[in-house]
Amino acid sequence: QVQAAESGGGSVQAGGSLRLSCAVSGRTVGYCMGWFRQVPGKEGEAVAAIYTRGPSTYYSDSVRGRFIISRDSASSTLYLQMNSLKPDDTGMYYCAADPRIRDFVSGRYCATVLASRDYWGQGTQVTVSS
């Protein structure tokens, strides 16, 4: 089992920046990690994912060029740097970590693996006002 604890959410005006952090722990932590976003009434969306052994990253079309996913292996912390924020970025952001060891996969593949809520933390709210 993997535990993920998010922090860093908050309220910001459009055009601003936020950095989300996620402390990942567990007996076995795989190499697929990512961030999902959910708004009420919609399915969760994979925002960014990373295969840390690559590294290989994935970004959704809506955030590519504005968000950066990274991981500090020394502290087992996953980050999401969010720049040029838009009101459409508003939502609950969840950190996800895969407990399985997978070899030679891509960031995009990691995004599909992490879609199960079993891998998500409790979430942190991000609100972007216009």
Distance col, row T52:OG1 vs D72:CG, nearest 0.5 angstrom, shows 12.0 Å
If you measure from the Lys or Arg side-chain nitrogens to the Asp or Glu carboxylate oxygens, is any gap between D61 and R64 under 4.0 Å?
yes
Residues joined to Y58 in its hydrophobic cluster, side chain to side chain under 4.5 Å directly or through other members, sorted by chain and number, are none
For the student: nearest non-hydrogen atoms of A48 and L80, plus distance
CB-CD1, 4.0 Å
Residues which pass ring pair (Phe, Tyr, Trp, His ring centres under 6.0 Å) with F36, listed by chain and number, not counting sequence neighbours:
W120
For the side chain of Q81 and the backbone of R19, is there at least one donor-acceptor N/O pair under 3.5 Å apart?
no
Which heavy atom of S130 sits nearest a heavy atom of A14, and at what distance?
CA-CB, 4.3 Å
Rounded to the nearest 0.5 angstrom, the OG-CG distance for S84 and D89 is 9.5 Å
Co-membership, hydrophobic cluster, residues I101 and V24, 4.5 Å side-chain
no
Could you see if L78 belongs to whatever hydrophobic cluster contains F67? Use Ile, Leu, Val, Met, Phe, Trp, Tyr and a side-chain cutoff under 4.5 Å.
yes
Go through the structure and list residues passing side-chain contact (heavy atoms from CB on, under 4.5 Å) with P55, not counting sequence neighbours.
I50
Determine the minimum heavy-atom distance between T77 and S21, stating which atoms define it.
CG2-CB, 4.3 Å
Qualifying residues under side-chain contact (heavy atoms from CB on, under 4.5 Å), relative to D88, sequence neighbours excluded
none
What distance do Q13 atom CD and T127 atom OG1 have between them, rounded to the nearest 0.5 Å?
12.5 Å
Where the side chain of T124 meets the backbone of G9, is there a donor-acceptor pair that is under 3.5 Å apart?
yes
Short side-chain donor-acceptor distance under 3.5 Å, N83 and S17
yes
In the structure I gave you, are the side-chain heavy atoms of M92 and R37 within less than 4.5 Å of one another anywhere?
no
Heavy-atom side-chain proximity of S56 to R108 below 4.5 angstrom:
no
Would you list the pairs meeting disulfide bond (SG atoms under 2.5 Å apart) in which at least one residue belongs to residues 28-106, sequence neighbours left out?
C22-C95, C32-C110
Given a cutoff of under 4.5 Å between side-chain heavy atoms of I, L, V, M, F, W and Y, with clusters grown through shared members, what are the other residues clustered with Y79?
none
For atom CZ of R102, decide whether the heavy atoms of other residues, nucleotides or ligands shown that lie under 6.0 angstrom number more than 12.
yes
Has the side chain of S106 got a donor or acceptor atom that lies under 3.5 Å from a matching backbone atom of Y109?
yes
Step by step, work out the side chain to side chain contact (heavy atoms under 4.5 Å, CB included) result for D103 and R53.
CA-CA 8 Å; D103 291 323; R53 290 201 74 181; 3.4 Å; yes
Looking at Q122, is its backbone amide N or carbonyl O close enough to the side chain of E6 to form a donor-acceptor pair, meaning the two atoms are under 3.5 Å apart?
yes
Shared hydrophobic cluster, W35 / V29 (ILVMFWY, side-chain heavy atoms < 4.5 Å):
yes
Give, for atom CG of L20 and atom OH of Y94, the distance between the pair rounded to the nearest 0.5 Å.
13.0 Å
Roughly how far, to the nearest 0.5 Å, is OG of S76 from CE of M33?
6.5 Å
Walk me through whether V126 and L18 qualify under side chain to side chain contact (heavy atoms under 4.5 Å, CB included).
CA-CA 9 Å; V126 172; L18 282 174; 3.9 Å; yes
Parallel under 30°, tilted from 30 to 60°, perpendicular over 60°: which one fits the rings of Y51 and Y31?
perpendicular
Show the numbers, then the answer: is there a side chain to side chain contact (heavy atoms under 4.5 Å, CB included) between D98 and V2?
CA-CA 7 Å; D98 181 12; V2 175; over 6 Å; no
Is any side-chain heavy atom of M82 closer than 4.5 Å to a side-chain heavy atom of Y93?
yes
Side chains of E45 and S62: do they bring a donor and an acceptor to under 3.5 Å?
yes
